[in-house]
Participant: 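This is the structure, below, for whatever I ask next.
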Amino acid sequence: MRKRIGLLGSLFAWVTIIFAEDIMVSWASNGVLNASGMEPGTLCTLEWTSSLITGFTSGCPKFEGLVADSNGTVAIAIPIFFRITGTPAGPILEGMVEIPAGTNSGNDPGFGVYLLTVNSFYMDRTEVSKAQWDMIHNWAVANGYEFDNAGSSKAPNHPVHTVNWYDCVKWCNARSEKEGRTPCYTANESVYKTGQSLPDCNFSAAGYRLPTSAEWEYAARGGLSGKRFPWGDAITHEAANYYSSSEYSYDTSATRGYHPSYSTEDSPYTSPVGSFLPNGYGLYNMAGNVLEWCWDSSASSRIIRSGSWRGYAYHLHCGLAQWYEADFIRYSVGFRTVCR
């Protein structure tokens, strides 16, 4: 989109905005070019050209120290056309938060020294709920996907469970395709939709995927270093849904056993996604409620993180990683997704 913004000498100056229709531009009386109405964090560049035929450049022209050529001529490209180009910092995807790039290292009580380094990525605020699972699952089945398990849950707003690793990976691909994103997982160079293959993952694709174990732990710690849990070193039923026991000195809950607020009906004793307080990155239930599948593999086994409603305080530790066969299912295992 181009907007004519005013006179510069006897010539029109133009501003090109490449991503929005409602951006206002103007020249101030002091000669300053203003552009407003952009998304916060947009990265902008002022470009110029002396001719609309030759194209724009962001290089600044020099008007001093010029030397005449052998014919005694000096040719100067005067910038008379201007434009501002902008690259938005990136949309905040619905239901997700951006996890900043960085390194988290420390001495974790019970698990020793760790070092986590990640690039930035988006992560679901909560575990995938049954309602969210059903929406994508129904679309996927109608579009050539086959799942080993249909998924279960205590309620639509509780996390989906009884899904194996293969189900979750295929669900990620279906979510990507449904939203017009490039799927991350392929098998035999095709989008992974059926069977129990061990697919390849294109981490550069814009689609949804399971987090790596390092990404999960980095995100779970929420910016804190060397702590047992996303909020600190002690745990109670006020902070998470788990099985409390006096066996662990750092389990200081006033109530013991299953969480009293969620064990009043039939098992499983899950809690709604988004329960309890979020960690420093705005993520919910990174300790407890349901275990979460990750990408990392060892033969046919995959890593599971987070602990669950039936796990002890020890199992909710940020540093604990457990390995299960990729076709493993249980009413305490779910997942959440990440993307670029």
Side-chain angles (χ1 to χ4, degrees), residues 108-112 124-130 133 149 151-165 168 211 213 216-217 219-222 224 226-280 283-294 301-325 328-336:
D108 186 328
F111 287 84
D124 290 331
R125 289 182 182 273
T126 71
E127 314 97 310
V128 173
S129 70
K130 183 58 160 57
W133 167 270
N149 304 281
S152 300
S153 182
K154 194 161 190 174
N157 65 333
H158 283 234
V160 67
H161 59 72
T162 317
V163 287
N164 65 29
W165 184 89
C168 298
S213 182
W216 190 96
E217 183 176 340
R221 293 188 178 278
L224 298 180
K227 300 298 183 182
R228 288 189 179 93
F229 307 108
W231 54 83
D233 284 329
I235 187 171
T236 71
H237 275 151
E238 293 183 358
N241 183 6
Y242 71 107
Y243 189 93
S244 176
S245 169
S246 59
E247 180 179 351
Y248 301 95
S249 61
Y250 49 85
D251 185 346
T252 59
S253 184
T255 51
R256 298 300 188 185
Y258 294 114
H259 199 294
S261 297
Y262 306 110
S263 59
T264 56
E265 300 176 5
D266 293 338
S267 177
Y269 302 140
T270 56
S271 47
V273 300
S275 299
F276 306 99
L277 293 176
N279 72 1
L283 301 169
Y284 294 84
N285 294 327
M286 294 300 284
N289 209 20
V290 292
L291 291 149
E292 299 181 13
W293 286 109
C294 293
S301 296
R302 299 283 167 165
I303 281 183
I304 283 182
R305 292 282 204 157
S306 136
S308 74
W309 56 269
R310 62 196 300 270
Y312 290 89
Y314 172 82
H315 299 110
L316 275 64
H317 207 292
C318 287
L320 177 65
Q322 303 176 71
W323 293 90
Y324 287 86
E325 290 295 312
F328 175 80
I329 59 170
R330 184 170 287 176
Y331 55 6
S332 56
V333 180
F335 72 110
R336 74 180 73 209

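Quick caveat, the model's predicted, so the values are computed rather than measured. Along the sequence shown, residues are numbered consecutively beginning with 1.
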Participant: Flag the pair Val333 / His161 as yes when at least one side-chain heavy-atom distance between them is below 4.5 Å, and no otherwise.
Facilitator: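 Val333 vs His161: side chains apart.
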
Participant: Tell me whether Lys154 contacts the main-chain N or O of Pro268 through its side chain, where contact means a donor paired with an acceptor under 3.5 Å.
Facilitator: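 Confirmed, Lys154 side chain pairs with Pro268 backbone.
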
Participant: Restricting to ring pair (Phe, Tyr, Trp, His ring centres under 6.0 Å), what partner residues turn up for Phe328, sequence neighbours left out?
Facilitator: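 With neighbours one apart ignored, the set is Tyr324.
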
Participant: Could you measure the distance from the CD atom of Glu238 to the CZ atom of Phe276? Nearest 0.5 Å is fine.
Facilitator: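 So the CD of Glu238 and the CZ of Phe276 are separated by 9.5 Å.
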
Participant: Looking only at heavy atoms, which two atoms of Thr270 and Val290 are closest? And how far apart?
Facilitator: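 For Thr270 and Val290, the tightest heavy-atom pair comes out as CG2-CG1, 3.9 Å.
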
Participant: Only counting residues at least two apart or in another chain, list the ones meeting side-chain contact (heavy atoms from CB on, under 4.5 Å) with Val160.
Facilitator: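 With sequence neighbours excluded, Val160 shows a side-chain contact (heavy atoms from CB on, under 4.5 Å) to Val128, Lys130, Trp133, Val163, Phe335, given in chain and number order.
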
Participant: For Glu292, check salt bridge (charged side-chain N to carboxylate O under 4.0 Å, His left out) against everything at least two apart and list the hits.
Facilitator: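 Glu292 satisfies salt bridge (charged side-chain N to carboxylate O under 4.0 Å, His left out) with Arg336 only.
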
Participant: Does a side-chain heavy-atom distance below 4.5 Å link Trp323 with Ile304?
Facilitator: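 Heavy-atom side-chain distance check fails, nothing below 4.5 Å.
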
Participant: Please round to the nearest 0.5 Å and tell me the distance separating atom CG of Leu224 and atom CG of Asn279.
Facilitator: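 These two atoms lie 8.0 Å from each other.
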
Participant: Measuring only between side-chain heavy atoms, which start at C-beta, is Tyr250 closer than 4.5 Å to Asp233?
Facilitator: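 No, too far: nothing below the 4.5 Å cut-off.
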
Participant: Identify, with sequence neighbours excluded, every residue that meets side-chain contact (heavy atoms from CB on, under 4.5 Å) alongside Ser332.
Facilitator: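 Listed in chain order: Leu291, Ser308, Trp309, Arg310, Arg330.
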
Participant: Go through it in stages, so that I can follow the logic: the residues are Met286 and Trp216, the test is side-chain contact (heavy atoms from CB on, under 4.5 Å), and I'd like the CA-CA distance, side-chain angles, deciding distance and then a yes or no.
Facilitator: CA-CA 9 Å; Met286 294 300 284; Trp216 190 96; 3.5 Å; yes

Participant: Do Arg228 and Cys318 make a side-chain contact, defined as non-hydrogen atoms from C-beta onward lying under 4.5 Å apart?
Facilitator: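 Side-chain contact under 4.5 Å: no.
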
Participant: Taking the side chain as everything from C-beta on, heavy atoms only, tell me whether Thr126 gets closer than 4.5 Å to Asn285.
Facilitator: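 In short, these two side chains do not touch, never coming nearer than 4.5 Å.
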
Participant: Can you list the residues that meet the side-chain contact (heavy atoms from CB on, under 4.5 Å) rule with Ala240, with sequence neighbours excluded?
Facilitator: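 side-chain contact (heavy atoms from CB on, under 4.5 Å) list for Ala240, sorted by chain: Trp231, Ile235, Tyr242, Leu316.
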
Participant: More than 12 foreign heavy atoms under 6.0 Å from CD of Gln322: is that the case here?
Facilitator: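 Yes, the 6.0 Å shell around CD holds more than 12 heavy atoms from other groups.
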
Participant: Shortest non-hydrogen contact from Cys168 to Trp293?
Facilitator: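 Looking at all heavy atoms of both residues, the closest pair is SG-CD1, 3.7 Å.
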
Participant: Does the side chain of Ser213 pick up a donor-acceptor pair with the side chain of Arg305 at under 3.5 Å?
Facilitator: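 The answer is yes; a qualifying pair exists.
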
Participant: If you take the centroid of each ring, where Trp contributes its six-membered ring, are Tyr312 and Tyr314 closer together than 6.0 Å?
Facilitator: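 No, the ring centres sit 6.0 Å or more apart.
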
Participant: Quick one: side chains of residues 258-266, donor-acceptor pairs under 3.5 Å with protein atoms, not counting sequence neighbours, listed by atom name and distance.
Facilitator:
from	atom 1	to	atom 2	distance (Å)
His259	ND1	Ser261	N	3.1
His259	NE2	His237	O	2.7
Ser263	OG	His259	O	2.9

Participant: In terms of side-chain heavy atoms, does Ser244 have a donor or acceptor partner in Asp251 at a distance below 3.5 Å?
Facilitator: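 Yes, a side-chain donor-acceptor pair sits under 3.5 Å.
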
Participant: Should Asp108 and Arg221 count as an ion pair when the cut-off is N to O under 4.0 Å?
Facilitator: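 Salt bridge: yes.
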
Participant: From Ser246 OG over to Arg256 CZ, what is the distance, rounded to the nearest 0.5 angstrom?
Facilitator: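 If we round to the nearest 0.5 Å, Ser246:OG and Arg256:CZ are 5.0 Å apart.
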
Participant: Do you see a donor-acceptor pair shorter than 3.5 Å between the side chains of Ser153 and His158?
Facilitator: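 There is no such pair between these side chains.
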
Participant: Examine the side chains of Asn157 and Ser129 and answer whether a donor and an acceptor come within less than 3.5 Å of each other.
Facilitator: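 Ser129 and Asn157 do not have a side-chain donor-acceptor pair below 3.5 Å.
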
Participant: Does the side chain of Tyr331 reach to within under 4.5 Å of the side chain of Ser152, using non-hydrogen atoms?
Facilitator: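 Contact flag for Tyr331/Ser152 side chains = no.
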
Participant: Do you know which of Ser275, Ser306, Ser271 makes side-chain hydrogen bond (donor to acceptor under 3.5 Å, both in side chains) with Asn289?
Facilitator: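 Result for side-chain hydrogen bond (donor to acceptor under 3.5 Å, both in side chains) with Asn289: Ser271.
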
